[in-house]
Undergrad: 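Pasting a structure here, questions to come.
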Protein chains: 2
Amino acid sequence: MFDEMISFLNDECGLVPGEPILVGVSGGPDSLCLLDLLVRAQKDVFVAHFNHQLRSESDDEAEYVKTQAARYGLPFLCETQDVKVFAKENGFSIEEAARKLRYHFLFSQARKWEVPVIAVAHNADDQVETVLMHFLRGAGLSGLKGMTPVTQLPEFDPKIRLIRPLLHTWRKEIDSYCREFDLDPVQDPSNLDQTYFRNHLRHALIPEMETYQTGFKQTLLRSIASLAGDYKLINEVVDHFWKQSILEIGSGYLAFNFEALRSADEALLRNLIRRAAVRLNPGIRDVNFDGVQRIVRHIQNPAEQQGRIDLTDGIIVSKEGDHFYFANQNAELPVFHWPQVRGRIDMLTGSQMQLEGGWYFQIVKMEEIPDMDAIKMNSDPFQAWLDADRIGQDLFVRNRKDGDRFQPLGMSNGSLKVSDLFINEKLPNRARRDWPLICMGNEILWIPGFRSAHPYRITHLTRRILYLKLSRSGSH
Amino acid sequence: MFDEMISFLNDECGLVPGEPILVGVSGGPDSLCLLDLLVRAQKDVFVAHFNHQLRSESDDEAEYVKTQAARYGLPFLCETQDVKVFAKENGFSIEEAARKLRYHFLFSQARKWEVPVIAVAHNADDQVETVLMHFLRGAGLSGLKGMTPVTQLPEFDPKIRLIRPLLHTWRKEIDSYCREFDLDPVQDPSNLDQTYFRNHLRHALIPEMETYQTGFKQTLLRSIASLAGDYKLINEVVDHFWKQSILEIGSGYLAFNFEALRSADEALLRNLIRRAAVRLNPGIRDVNFDGVQRIVRHIQNPAEQQGRIDLTDGIIVSKEGDHFYFANQNAELPVFHWPQVRGRIDMLTGSQMQLEGGWYFQIVKMEEIPDMDAIKMNSDPFQAWLDADRIGQDLFVRNRKDGDRFQPLGMSNGSLKVSDLFINEKLPNRARRDWPLICMGNEILWIPGFRSAHPYRITHLTRRILYLKLSRSGSH
């Protein structure tokens with residue numbers, strides 16, 4: 001058994017020889033066994049204990065772990081915080097609060113002491129219980145694959161690895177290890193993952209399932225290894241697809257090429273969506289299946305649904321042109337694929353003005369009247385032809401002001417609020433404030449992308465034409 | 001509910017409009033509901049009933065299904081066979097024998113009437129029970145993905161599709177369908193998939209699991225859909241890898257490029273191995289995990305293990321050079337990447353002889369003595385230099401005879417049995433009988449690939465040299 005534990009440690013945990021390891025020790029059988037194993041494997045070990053202050057024995061247990069560290073002659077790191085208070089303040093369950101604080105402590109200490117690896121003592125029974133829990137709760141492959149021998153928790157640190165050297169060691173084996181090597185674990189330690197639900201699985205459901213299949217736990221552990229391999233394979237496919245389809249990784253948002261998503265297989269899409277959610281919010285432990293399906297449908301039938309969709313944990317998605325965004329609620333999405341202008345820019349006829357995000361604006365005076373049919377057939381809303389003789393002053397571009405009004409082509413009397421036009425045209429809210437308006441004095445002559453002004457339209461009386469064009473060079 | 005059933009039928013079962021469908025009808029609620037649904041969906045239906053002769057009511061039930069078919073004005077196909085006798089004769093369980101005979105019947109009838117699609121009545125409860133059974137028994141993704149709405153059973157037919165239109169309809173819903181549309185199913189029909197184990201799952205374990213997770217069955221059904229998508233994704237990756245690594249598809253065997261397998265990710269390899277097994281033996285319902293792992297290890301550490309390995313269900317694997325074979329026990333593996341000769345072929349000096357499998361043999365008389373160091377450094381065992389003056393007769397190539405002996409280079413006295421040399425050199429057994437031996441009279445001068453004969457070696461007295469070369473043009 002000891003040899004198998006050592007090979008698992010050396011073969012499956014991805015250790016680099018000589019790397020120090022910080023091990024979380026509660027004082028219970030699992031973590032004492034892990035600590036002893038690492039010492040026997042001649043690893044360079046830091047002992048770390050987080051005192052959850054949840055039980056009256058907590059302080060004694062911290063003291064006990066300290067003596068154990070001293071016995072091995074190892075550095076001992078300890079911290080304490082009131083889990084109940086933290087849970088209450090943040091609306092977490094006690095278990096969730098304990099987990100967050102404990103990992104926060106372990107990762108901070110690892111960073112502080114420049115230890116690249118943290119070892120925790122999850123065992124094979126924990127693994128089976130976890131996967132059964134996921135099975136009951138309807139997890140996909142990412143849940144059924146269970147815990148992995150090496151992983152990362154990017155919500156705590158982007159680099160430090162978390163290893164689980166006891167993941168294939170059964171609780172029974174750990175108990176005999178403790179007996180064999182005279183370890184004296186704290187009994188009934190504050191093992192906070194042992195919730196009521198998990199305890200019930202352990203003591204009632206799993207034994208029941210074993211009556212259906214002898215060796216069910218061992219069998220499941222083997223399946224988990226196979227599923228973890230399949231999960232890794234899928235991840236490679238998703239990696240590839242991600243690289244093919246991502247357009248931008250912004251602060252709090254991701255943009256993908258909409259057509260790439262639309263033409264992808266549904267399962268691939270589901271995996272990409274889950275990964276995007278986790279990337280934006282690394283703390284998400286389970287991405288809601290229905291939310292994922294809503295987005296899949298939204299991508300497959302973009303006409304059916306409009307606007308933004310809530311995915312889960314405050315992540316929203318929205319489509320704008322060829323960009324499909326995943327964003328945190330408060331992220332500033334990029335606007336530079338829209339023309340935008342802040343303040344006012346004066347225009348000179350014949351010259352070219354540069355706006356933000358690769359957009360150019362130009363005005364050309366045409367001495368000859370172009371083909372009127374071509375003008376009527378115009379399908380590019382970013383060009384306009386105005387009657388030059390009606391334009392007596394210099395033009396300028398500015399963004400919107402409150403109360404801006406405009407008389408669009410075809411409206412022979414009265415005017416529209418610019419803000420209403422934007423709403424009618426479904427211009428995304430974020431784009432409205434700095435949308436360029438082509439003006440002369442107090443009048444708006446053209447709103448690029450939408451309409452030119454009725455009074456400046458070309459008629460059979462027009463002799464000279466002002467041609468305006470907004471264009472974009474390349475993509476950002 | 002009816003609308004959902006119709007959309008599942010139309011959207012998930014991959015039907016081509018106008019295709020006839022053969023539906024297996026036992027007379028129970030599921031299959032009567034399915035039949036009625038297909039009729040209401042205006043499909044072109046053939047009713048097929050297999051009489052298992054397992055219960056006293058069997059004949060009455062066959063008669064009843066016949067009247068149902070008549071009621072809808074549909075063609076009725078029926079056959080009967082004694083399942084118990086068939087099971088006994090072939091060593092199958094009753095359930096397995098019934099399944100084989102039933103599907104054999106359905107597929108034969110579909111072929112006979114040129115019906116491209118067979119519909120069977122598995123429902124959502126069957127699906128959940130099946131996946132739970134796989135979960136208990138330690139299945140990988142291929143088991144946890146459950147039954148699919150469209151599939152094929154290549155052991156019965158390579159083209160006909162099997163569809164399961166009720167796969168998302170619960171047993172309760174089927175019962176209310178039967179009530180709503182006044183269907184009068186046979187009660188307790190000979191539903192042979194309902195083994196003791198499955199019944200126990202249905203009536204004990206699943207209700208128990210529902211106390212742990214409200215809506216467990218619905219949740220699991222949703223997970224299954226997600227896992228099926230992931231399985232499909234993996235299958236595409238495996239497809240690609242298969243195409244990259246396969247060298248040959250033979251009768252009863254498959255050959256893969258060994259290096260391609262060796263450099264592959266373990267999970268990918270496991271999937272390829274499973275697929276190869278199913279390809280060779282389409283009847284395999286579950287490929288043994290341990291067998292797969294043995295092969296993975298064999299591929300990753302080829303030096304550690306030699307010879308052939310049993311995978312499962314009579315499938316063996318073996319490695320020969322760059323070829324890695326999966327074969328049925330009795331398959332004739334190809335030998336044409338070895339030089340082989342049957343009988344005797346006379347040789348002419350200076351000419352080139354063609355052997356089987358793209359091998360060529362040539363003899364060249366050299367009038368000048370080549371660089372002796374180059375000869376000593378020779379690393380190609382398929383070329384040899386002999387002393388031409390010691391060779392008085394014409395050479396020929398033949399395969400081995402019982403009792404062949406040979407005096408290899410370096411052995412100045414006595415001789416070796418050729419068969420012993422082959423064993424020492426670990427030449428695969430199958431290659432030995434027809435391995436080419438270069439002979440003159442009763443003597444063997446050279447065994448290509450291994451040794452030339454001591455008496456014909458080049459010495460400082462050699463004046464003229466006979467150069468022999470066996471080579472292979474391209475790959476097959």
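Order of the sequence lines fixes the chain letters, A, B, ..., with proteins taken first and strands second; residue numbering starts at 1 for each chain. None of the values given here were measured: they were computed from a predicted structure.
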Undergrad: Give me the atom names and distance for the closest heavy-atom approach of B:Ser226 to A:Gly140.
TA: OG-CA, 4.3 Å
Undergrad: Looking at B:Gln244, I want to see if its CD is surrounded by more than 12 non-hydrogen atoms of other residues, nucleotides or ligands under 6.0 Å.
TA: yes
Undergrad: Between A:Ala139 and B:Ser223, which heavy-atom pair has the shortest distance, and what is it?
TA: O-OG, 3.4 Å
Undergrad: Parallel under 30°, tilted from 30 to 60°, perpendicular over 60°: which one fits the rings of B:Tyr212 and A:His200?
TA: tilted
Undergrad: Does any non-hydrogen side-chain atom of B:Glu236 lie less than 4.5 Å from one of A:Asp265?
TA: yes
Undergrad: What part of A:Arg222 is in contact with chain B, defined as an atom under 4.5 angstrom from a non-hydrogen atom: side chain, backbone, both or neither?
TA: both
Undergrad: Please flag which part of A:Glu208 lies under 4.5 Å from any non-hydrogen atom of chain B: side chain, backbone, both or neither.
TA: side chain
Undergrad: Counting C-beta onward and ignoring hydrogens, is there a side-chain heavy-atom pair between A:Arg137 and B:Thr219 closer than 4.5 Å?
TA: no
Undergrad: Got a second to check how far B:Leu132's CG is from A:Gln213's CD, nearest 0.5 Å?
TA: 11.0 Å
Undergrad: Under a 4.5 Å heavy-atom cutoff, which of B:Leu205, B:Thr211, B:Leu201 has the most pairs with chain A?
TA: B:Leu205
Undergrad: Do B:Lys232 and A:Glu266 come close enough that some side-chain heavy atom pair is under 4.5 Å?
TA: no
Undergrad: Please check if atom CD in B:Glu4 has more than 12 non-hydrogen atoms from other residues, nucleotides or ligands closer than 6.0 Å.
TA: no
Undergrad: Who among B:Gly138, B:Ala228, B:Gly215 has the most heavy-atom pairs with chain A under 4.5 Å?
TA: B:Gly138
Undergrad: State, to 0.1 Å, how close B:Leu136 and A:Phe216 come at their nearest heavy-atom pair, and which atoms those are.
TA: O-CD1, 3.6 Å
Undergrad: Heavy-atom cut-off 4.5 Å, strictly under: side chain, backbone, both or neither for A:Leu227 against chain B?
TA: side chain
Undergrad: Would you mind checking which part of B:Leu233 comes under 4.5 Å of any heavy atom in chain A, side chain (CB onward), backbone (N, CA, C, O), both or neither?
TA: side chain
Undergrad: Heavy-atom distance under 4.5 Å to chain B: side chain of A:Asp230, backbone, both or neither?
TA: both
